Amino acid sequence: MKNKRKEGLSRLFELAGKKKGKLFAASIFSVISSFSRIIFYFSIYLVIKTVLENYSNLAGIDKMLIVRYSLFSLAGIILYAVCAFVSSSISHVAAYDLLYEIRIALMEKMSRISAGFFDSVTQGSIKKIMADDVESIEEFVAHSFSELVAGIAAPLFIMIYLFTIDWRLSLIILLPIIISIFLLGMCLTQKDKALLQKKMSQSMEKMTGTIIEYVHGMPVIKVFNRSLKGFKRYENDINEFVDVVDETAHANALPISLYYVFFGAQTLFLLPPCIFMLKNAAGYNEALLTVILFLFIGQGLKEPLENMMNMAVGTNRIKEAVARIDNILYQNELTFDEDKLPSSYDVAFENVSFSYNGKTNAVEKVSFKARPGSINAIVGHSGGGKSTLMELLLRFYDVNEGAIKIGGVNIKDISQENLMNLISYVFQDSFLFNDTIENNIRMGNQRATKADVVMAAKAAGIHEVIENLPDAYDSVVGENNVYLSGGEKQRIAIARLFLKDSPIVVLDEATAYADAENEMKIQAAFARLAKNKTVFIIAHRLKTIENADNILVIHEGRLAAEVKHSELMEKCQIYKDMVAANERRDSWSI
């Protein structure tokens with residue numbers, strides 16, 4: 001039987017790993033600082049005790065004794081400051097180490113899971129997990145955990161001490177605290193209120209995703225002169241979040257209000273029994289000292305206990321954050337039975353079928369073979385399954401039926417790292433990082449020298465453009481007016497491919513956003529790149545692939561034909577119609 005997955009704080013400690021030792025040390029110092037904070041109240045009590053014991057002869061009070069009590073208070077304050085600083089320092093180091101490791105683990109995990117996962121989540125939800133949820137863990141580990149331990153330990157030992165003095169007054173001090181804990185527990189554990197907390201977190205995640213989408217879509221919104229209200233989903237998601245917050249606040253208003261009323265009411269609860277105790281005491285001075293002790297110490301208990309309560313409230317948020325992090329960390333990874341390396345680079349699709357939704361096949365029973373060193377064009381109407389075929393080759397998704405093989409080896413038997421080394425992919429819209437041009441090209445091969453980078457840029461026809469930038473290859477994309485056109489970005493992406501030098505190349509509508517001049521340069525770069533490689537070109541501009549060794553016509557997820565251009569013009573009506581449509585488009589003029 002499999003061990004049950006840990007959740008909440010226990011899972012957080014599991015993630016903390018070796019940093020648990022630092023958290024333990026931080027907690028020890030926090031407990032000491034919490035005790036030190038109450039020394040001040042004991043010192044005042046001892047001074048008052050000395051005064052009461054000598055009230056008939058105040059001049060006879062040992063002044064050095066008062067000085068010692070004062071120094072005792074000062075030592076407590078210094079000890080508190082030192083221990084609080086040390087505790088905070090240790091816990092912050094542990095927290096930031098943990099944040100780093102969690103974020104690295106999340107990034108590495110996302111690189112190993114199916115791309116299909118990202119189709120089911122929004123950018124906002126990923127951003128919330130990577131930034132907000134991980135950051136909330138930092139807040140808990142760096143600040144809350146050690147204070148939570150101190151908030152339990154210090155009051156516990158003090159209450160044990162007070163019970164040895166007077167168990168009746170001790171119970172009275174505990175009464176408002178117990179009522180407060182009960183009221184707080186109602187807000188945290190009642191099913192309807194717990195569901196509201198979860199609903200509020202989910203609503204915030206949804207709203208964050210919509211906000212990011214709204215910001216990204218701002219050019220479209222401005223072009224069509226749409227107001228904020230015009231982007232209806234944005235408005236609805238914000239209103240939904242406000243409504244959930246309002247509903248949660250109203251549901252918790254009474255118990256939370258009563259919680260704060262009772263939590264600070266130790267003195268109010270103590271006064272009646274203390275007055276009764278003084279009135280009926282056999283020894284007034286002794287009873288007065290006991291009353292003063294409980295009034296002072298009872299008030300001193302409030303701060304560490306309040307910290308503990310606040311931290312307890314935060315644990316629900318941490319539980320939700322850890323659950324969302326684990327939703328990524330526990331995603332199924334792309335697996336391989338054994339890591340084989342193919343000896344040749346022919347690509348074969350054998351009766352491949354795939355569905356995104358489990359109902360309708362996006363690709364159905366497709367079979368073909370691409371020879372090493374051949375150029376294979378994939379054409380068809382939009383939504384017909386062209387890009388899906390290449391995403392299956394890259395294992396962005398796994399096939400539902402059939403097999404894809406490279407050199408006779410099923411890609412499921414090739415590790416993800418080795419598969420990515422075998423294949424290079426140029427997307428329709430190439431992404432450049434906010435980094436230097438050199439580093440953007442170097443993504444193709446981290447071990448490449450500067451000379452290799454320059455050679456790749458020259459092969460991609462982008463060297464002259466880079467040289468004219470303010471800092472040439474050291475220019476940072478997006479800074480100091482370093483902006484590149486769509487065609488120039490594509491040539492940077494092609495330079496990456498030259499540097500990577502993988503045996504299989506996929507070009508997905510790579511000239512879609514290029515002007516005529518850039519398209520010509522990109523095509524020339526493609527010609528150099530394609531030498532001795534197995535190349536797949538997804539294209540809508542059919543003139544660019546007329547000389548391909550093989551043209552695959554994909555229609556509604558099926559392979560309709562697979563031959564050269566000349567034969568397709570004779571035998572494939574779908575292809576002939578596409579060529580005619582291309583010619584009509586190219587004949588348009590204004």
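For clarity, every value in this text was computed on a predicted model and none was experimentally measured.
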message = Under the rule for side chain to side chain contact (heavy atoms under 4.5 Å, CB included), what residues qualify as partners of His92, not counting sequence neighbours?
response = Ser88, Tyr96, Glu138, Ala142, His143

query = Are any non-hydrogen side-chain atoms of Phe536 and Leu507 less than 4.5 angstrom apart?
reply = no

request  = Applying side-chain hydrogen bond (donor to acceptor under 3.5 Å, both in side chains), name anything that partners Thr436, two or more places apart in sequence or on another chain.
outcome  = Asn439

note = Taken in chain and number order and not counting sequence neighbours, the residues that satisfy side-chain hydrogen bond (donor to acceptor under 3.5 Å, both in side chains) with Glu247 are none

key: Under the salt bridge (Lys or Arg N to Asp or Glu O under 4.0 Å) test, residues paired with Asp97 that sit two or more places apart   = Lys22

query = When rounded to the nearest 0.5 angstrom, what distance separates CG in Leu394 from CD1 in Ile404?
reply = 9.5 Å

inquiry  = Which residues pass the salt bridge (Lys or Arg N to Asp or Glu O under 4.0 Å) test with Glu240, not counting sequence neighbours?
reply    = Lys206

remark   = Across all chains, not counting sequence neighbours, the side chain to side chain contact (heavy atoms under 4.5 Å, CB included) partners of Glu401 are Ser353, Lys365

message = Run the ring-ring contact (aromatic ring centres under 6.0 Å, His included) test against Phe29 and tell me which residues pass, sequence neighbours left out.
response = none

ask   = Is the closest side-chain donor-acceptor distance between Tyr356 and Thr388 under 3.5 Å?
value = yes

message = Which residues pass the side chain to side chain contact (heavy atoms under 4.5 Å, CB included) test with Asn239, not counting sequence neighbours?
response = Glu235

inquiry  = Suppose we screen for side-chain hydrogen bond (donor to acceptor under 3.5 Å, both in side chains). Which residues come up paired with Ser27, at least two apart in sequence or across chains?
reply    = none

task = Taking side chain to side chain contact (heavy atoms under 4.5 Å, CB included) as the test, write out the residues that go with Ser91, two or more places apart.
result = Ala26

query = Counting distance only, does the side-chain N/O of Ser33 pair as donor-acceptor with the main-chain N or O of Tyr80 below 3.5 Å?
reply = no

request  = Please state whether the rings of His381 and His555 are parallel, tilted or perpendicular, taking 30° and 60° as the class boundaries.
outcome  = perpendicular

